[in-house]
Amino acid sequence: MAISVFDIFRVGIGPSSSHTAGPMRAAGIFVRALERRGLLGRTAGVRVEFMGSLGATGRGHSTDTAFVLGLLGVAPETADVDRLPDLLREVKERGEMLLAGKKLIPFVWDRDIRFSPEKVAKFHTNALDAVASDAEGHEIFRRRFYSVGGGFVVQGSEADPEVPEVPASFGNVVLPYRYRHMVDLIAYSGRDGLKIPEIVRANERVWRTDEEIDAALDGIWRVMKENMDRGFRREGALPGAYRVERRAAAMKRRLESGPGSADPLAVLDWACAFAFAVGEENAAGGRVVSAPTYGSAGVVPAVIEYYRRFVPGASPKGIRDFLLTAGAIGILYKTNASISGAEVGCQGEVGVACSMAAAGLAAVMGGNAYQIENAAEIGIEHHLGLTCDPVAGQVQIPCIERNAVAATQSIVAARLSLGGTGRHYISLDEAIETMKETGRDMCNKYKETSTGGLAVCVVEC
Ligand code: SF4
């Protein structure tokens, strides 16, 4: 299966790639299937059941609102995010919706959306069943979807929803540099004298011209930066029971004018502030780029902004190379382990983000293939075993602060690798395998169910 770096970096609406972007994409696929099969006109009702982790933390992660937006035909790349709360309020108040923007159907929020955490599908815990019915209430179409992390969606087959369907397009693409492990990338680099981002770019040319690759990478960075800037402009409380106060704007003010500006470690405070700005916007349902997920979306942009602001010689080409390298590392995790907190805990989200950002930074600071590997390995190694335990099921505590800490760890990891020769004892491939095994052994209550860890230590007020 050939994965592009643009499958790792996807634009969508926060706060969670698996619990928001995936279900929103699933809803879009569902309504397009209704149209394609000529069933949209007959459809008089749609209902959805969120199972497993989607059922457990779906309310806090806004899974229901994301799915409804997908049914309405909202496109995450272009949607006016300020208008979305009004759209959702109208559906709730009127008890009806314009399916795919075309067909008016009744839709009663509490009747047509069901959360069933006790039902856990065999293939993946993030499962949902979408069902369309006609005016007599007869079922006319049903599909199972699995949201497998990073906004990726896999459909259950029509014959047996427990069996995942592999899209026919997967596997048809032949990449010039087929790689499954970091050792493959290192071997190509040595054989052909190419840098890691050059190898990744050569693969991307299967789908796009160089101009299109550059435009797409610049577009990804633009959304990341706009999201960060927006996070710095907004203050007040985030949505949710705890009314968590945004901190990014105050952090920026303090750094620009307060005593912090003379502090030699202020650069780390800046990296934290960049991550907070993105994390807070994500938590508020803003437009965000998965890197590799939305919950962990603050790390890569924070480290790119650190590079852009504080590393001498930083350039737009450097940002593109950063994204290509970080994307390749994300592909390794996606291919060989998981980037889903519901599957392997937060090591698969913030841990992977730290590894991606460390590799990206090492690459643009002149690291060779071994040093890039070393940086990525350090980035994940110290996140192994990290659990996913969002308080109240919301991507706020501990997620936002965790992104900030991981951003600083990425910088440290890159610097540690660049300070050495690239020789190290544990390979990235071994660390990825270890992450997968650790995730497999992790108790379910620590995998995005909000039934363990910090999530049960804090009493909801
Ligand atoms: S704890 Fe980590 S994996 Fe879990 S929701 Fe937060 S960022 Fe995502």
Side-chain angles (χ1 to χ4, degrees), residues 1-32 50 52-54 57-58 61-71 73-79 81 84 123-128 130 143-155 164-165 167 169-170 216 219-220 223-224 227 278-279 281-283 285-301 323 326-327 329-331 333-335 337-344 346 348-350 352-353 356 388 395 399 403 448:
M1 167 175 151
I3 305 177
S4 160
V5 294
F6 299 106
D7 292 322
I8 298 294
F9 298 118
R10 293 193 196 199
V11 178
I13 310 293
S16 165
S17 49
S18 57
H19 286 56
T20 314
M24 191 169 171
R25 187 162 290 127
I29 295 169
F30 184 73
V31 288
R32 282 195 295 280
F50 298 115
S53 176
L54 294 183
T57 58
H61 281 53
S62 305
T63 305
D64 47 355
T65 60
F67 192 83
V68 168
L69 289 172
L71 291 180
V74 170
E77 294 83 4
T78 53
V81 290
L84 300 183
F123 171 62
H124 197 285
T125 179
N126 288 338
L128 69 91
R143 266 340 268 267
R144 163 76 57 86
F145 295 92
Y146 298 98
S147 180
V148 297
F152 286 81
V153 169
V154 173
Q155 294 189 53
E165 194 173 68
S169 60
F170 285 176
I220 291 295
V223 176
M224 287 177 168
N227 180 278
V278 175
E281 267 306 287
N282 176 59
R287 197 185 339 271
V288 68
V289 179
S290 56
T293 65
Y294 292 172
S296 59
V299 182
V300 166
L323 287 169
I329 300 299
I331 289 170
Y333 285 96
K334 171 77 188 143
T335 306
S338 171
I339 54 171
S340 165
E343 211 170 8
V344 294
C346 197
E349 296 203 13
V350 170
V352 172
M356 290 166 62
C388 169
V395 192
C399 318
N403 274 257
E448 210 159 1

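One-based numbering along the sequence shown. For clarity, every value in this text was computed on a predicted model and none was experimentally measured.
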task: Mind checking ring pair (Phe, Tyr, Trp, His ring centres under 6.0 Å) for Phe67 and listing every partner two or more places apart, or none if nothing turns up?
output: Phe50

- request: Sequence neighbours left out, what passes ring pair (Phe, Tyr, Trp, His ring centres under 6.0 Å) with Phe145? Give chain and number order.
  value: none

When the side chains of residues 6-14 are checked against the rest of the protein, which donor-acceptor pairs come out under 3.5 Å, sequence neighbours left out?
unit_1	atom_1	unit_2	atom_2	d
Asp7	OD2	Ser4	N	3.0
Arg10	NE	Asp7	O	3.0

Check: [Y] and [X] side chains under 4.5 Å, non-hydrogen atoms:
X	Y	answer
Leu128	Pro23	yes
Glu349	Cys388	no
Val74	Met24	yes

- prompt: When rounded to the nearest 0.5 angstrom, what distance separates CE in Met224 from CG in Leu323?
  reply: 5.5 Å

- request: Would you give the length of the straight line joining atom CZ of Arg287 to atom CG of Asn227, rounded to the nearest 0.5 angstrom?
  value: 9.5 Å

What heavy-atom pair brings [X] and [Y] nearest, and what distance separates the two atoms?
X	Y	result
Ser18	Leu54	O-CD2, 3.8 Å
Ser16	Glu448	OG-OE2, 4.2 Å
Ile3	Ile331	O-CD1, 3.2 Å
Ala353	Val300	O-CG2, 4.1 Å
Val395	Pro15	CG2-O, 3.6 Å
Ile339	Gly150	CD1-CA, 3.9 Å

- request: Return the set of residues passing side chain to side chain contact (heavy atoms under 4.5 Å, CB included) with Val148 (not counting sequence neighbours), or none when no residue passes.
  value: Phe123, His124, Tyr146, Phe152, Val154, Lys334

task: For Arg25, check salt bridge (charged side-chain N to carboxylate O under 4.0 Å, His left out) against everything at least two apart and list the hits.
output: none

query: Sequence neighbours excluded, which residues qualify as salt bridge (charged side-chain N to carboxylate O under 4.0 Å, His left out) partners of Arg144?
result: Asp129, Glu162

Would a distance-only check, ignoring hydrogens and angles, find a side-chain to backbone donor-acceptor pair under 3.5 Å from [X] to [Y]?
X	Y	answer
Ser340	Gly348	no
Thr63	Gly58	yes
Glu281	Gly286	no
Ser17	Tyr294	yes
Asn403	Gly295	yes

- request: Could you verify whether a donor N or O on one side chain and an acceptor N or O on the other, from Ser53 and His19, lie under 3.5 Å apart?
  value: yes

